[in-house]
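One structure is given here, and the rest of the page talks about it.
Naming: A, B, ... by sequence-line order, numbering from 1 per chain.
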2 protein chains.
Amino acid sequence: MTDSSSPPPAPAAPPAAPTKPRREQIHEVASRLFSERGYHATSMRDLAGQLGMQGGSLYAHIASKDELLIGIVDRAARQFDGALFTLRGDSLPAPEKIREAMHRHIRVVADNMESATVFFHEWKHLSPEAYTRVTNWRDTIDAFYRDLVIQGIKEGSLRPDLDPKMTANLILSAVNWAYTWYRPGGSMTPRDVAEQYADMLLTGLQAAPVSAGPERP
Amino acid sequence: MTDSSSPPPAPAAPPAAPTKPRREQIHEVASRLFSERGYHATSMRDLAGQLGMQGGSLYAHIASKDELLIGIVDRAARQFDGALFTLRGDSLPAPEKIREAMHRHIRVVADNMESATVFFHEWKHLSPEAYTRVTNWRDTIDAFYRDLVIQGIKEGSLRPDLDPKMTANLILSAVNWAYTWYRPGGSMTPRDVAEQYADMLLTGLQAAPVSAGPERP
DNA sequence: CGCGTCACCTAACGGGCGTTTGGTTTGTCC
DNA sequence: GGACAAACCAAACGCCCGTTAGGTGACGCG
């Protein structure tokens, strides 16, 4: 609509390229369509139509439909990776670390709603190599949260009777499920969500007993 | 393998029919394939092949592929409904009610892993009427948990500073996400999962402060 | 014995799929 | 002004999809 001649290729300065426009546009629109309709329910002609071109013309920019999915999922995985693994070194107490990890995790989901949705929904349709890559990667995320809980139990900041595996499951449920309900335009920032979730998880939903007496007041 | 002549039609007693075998077999296999591969990645010929028949022969028993999906999703929704809505009348304190609702919710997921997976994954591909039906139904489930939290705050059994919407989101995250990791053959029963989750959620992950003093000992 | 019915097969239908091919336009650089 | 590449179109490729139509054998019932 606005400008039909999309990219001025910057003729004199190609070394540090300004952006790669068309290929990235395709990936972006594919993220949107795959997340809205699903991978198999999106045809290459649908995708091309949204970009104002013909189905076959896509193949001047990309190699195949599979490669598109792999690109989207890998990119999402790298986002999670980059957000969480810088935390491994930090020496915060476990509750603070859990709070911070949840914040970063939810922010990645919130900032990449479309590719995160594709990541959680369509990873089963990846080619075998990409499939096992993603599966292994998810195991390391599980382990990250599990180790975090174990550390907290050891240092005494978390309840000693916790099952680390189940605790990690619970935390992951909270942060991952966000892709189903969070809407970036709404009133809550990713930080708001993470703070509320972490508060509820760490200190519990139950009202504190009425201070003094152990039974009736 | 075992018996190839499947159903003796019980000629003298058709009034209260014994079972409807073939149609149900198709629904069961479809649940499995849809949950494993996704709706659009499962062809009617795949489905028929698993039942030892030809693609076209399915249409002697079912009307269409859409109808299959609708049947599976509706059945799953009815399971959740039946499990949760008998709780509306009970006059338990909110924490107990949350614990019980989580237990029932997880049990439905665990006892119907395949149709639950289809329910959570493929509802976007329903026909328009079934789509809005499922969407509305999910809203009532959200409201159920939200009201439960509101009741708990009113009666003083839950923290007064909770956001009911977000608290319901957290509970739903835990019980719904179970479909991604729970395996019925494993060492944990649905009750084990629910008890652990409810304990963690209600009383919190953090270790209790060192008993006596309000500040440093 | 003939009739109906059930469960299934074979074959085909129109259409959409991912992808390839060859050609046309457009714009830049020498 | 001629070479060149990028971006795209139009058309076709073989294949698979959901679904339909007509036919066939087995079986129970009057």
Side-chain angles (χ1 to χ4, degrees), chain A residues 3-15 17-30 33-34 37-72 122 125-127 130, chain B residues 3-15 17-30 33-34 37-72 122 125-127 130:
Chain A
D3 60 331
S4 56
S5 65
S6 28
T19 40
K20 285 180 199 164
R22 211 54 176 171
R23 193 163 193 281
E24 280 193 10
Q25 281 182 43
I26 294 174
H27 271 76
E28 278 166 25
V29 177
L33 292 186
F34 289 176
R37 317 180 185 177
Y39 177 68
H40 284 291
T42 304
S43 78
M44 297 303 272
R45 288 169 177 88
D46 289 342
L47 175 54
Q50 297 265 325
L51 287 152
M53 56 204 288
Q54 223 68 15
S57 308
L58 290 169
Y59 291 84
H61 308 280
I62 60 156
S64 69
K65 195 186 180 186
D66 300 87
E67 184 228 61
L68 260 182
L69 179 59
I70 292 174
I72 294 168
E122 313 291 344
H125 304 121
L126 290 166
S127 61
Chain B
D3 60 332
S4 55
S5 66
S6 27
T19 41
K20 285 180 200 163
R22 210 53 176 174
R23 193 164 193 281
E24 279 193 12
Q25 280 182 44
I26 294 174
H27 272 77
E28 277 167 24
V29 176
L33 292 187
F34 289 174
R37 315 181 185 176
Y39 176 69
H40 285 292
T42 304
S43 77
M44 296 304 271
R45 287 169 177 87
D46 288 343
L47 174 53
Q50 296 266 325
L51 288 152
M53 58 204 286
Q54 223 67 16
S57 309
L58 290 169
Y59 291 83
H61 307 280
I62 61 156
S64 69
K65 195 186 181 185
D66 300 87
E67 185 227 61
L68 259 183
L69 179 59
I70 292 176
I72 294 168
E122 312 291 344
H125 304 121
L126 289 167
S127 62

From the list [options], which nucleotide is the closest neighbour of the side chain of [X]?
| X | options | result |
| --- | --- | --- |
| B:R22 | C:dC17, D:dC8, C:dC8 | C:dC8 |
| B:Q54 | D:dC8, D:dT19, C:dT10 | C:dT10 |
| A:A60 | D:dC8, C:dT19, D:dG18 | D:dC8 |
| A:S64 | C:dC8, C:dT19, C:dC17 | C:dT19 |
| B:H61 | C:dC8, D:dC8, D:dG18 | C:dC8 |
| B:D66 | C:dG18, D:dT19, C:dC9 | D:dT19 |
| A:S57 | C:dA7, D:dC17, D:dC9 | D:dC9 |

- So does B:Y59 get a side-chain nitrogen or oxygen closer than 4.0 Å to the phosphate oxygens (OP1/OP2) of D:dT19? yes
| task | Look at A:S43 and C:dC17 and indicate whether a side-chain polar atom (N or O) is within less than 4.0 Å of OP1 or OP2. | result | yes
- Task: Establish, yes or no, whether the cationic atom of B:K65 lies under 6.0 Å from the six-membered ring centre of B:Y59 and within 45° of the ring axis.
- Result: no
Write down the distance between [atom1] ([X]) and [atom2] ([N]), rounded to a whole number of angstrom.
| X | N | atom1 | atom2 | answer |
| --- | --- | --- | --- | --- |
| B:M53 | C:dC8 | CE | P | 5 Å |
| B:H40 | C:dG18 | NE2 | C1' | 16 Å |
| B:L58 | D:dT19 | CG | P | 10 Å |

Result for 5'-nearest mapping on DNA chain C, choosing between A:A63 and A:A41, is A:A41
| said: Please determine whether salt bridge (Lys or Arg N to Asp or Glu O under 4.0 Å) holds for the pair B:E67 and B:R23, giving the CA-CA distance in whole Å, both sets of side-chain angles, and the decisive distance to 0.1 Å. | reply: CA-CA 12 Å; B:E67 185 227 61; B:R23 193 164 193 281; 3.5 Å; yes
#### Entry: Basic-acidic side-chain contact under 4.0 Å: B:R22, B:E28
no
**Study point:** A:H40 (side chain) donor-acceptor with A:H125 (main chain) under 3.5 angstrom
**Key:** no
Item checked: Heavy-atom donor-acceptor pair, A:R45 side-chain to C:dG16 base, under 3.5 Å -> no
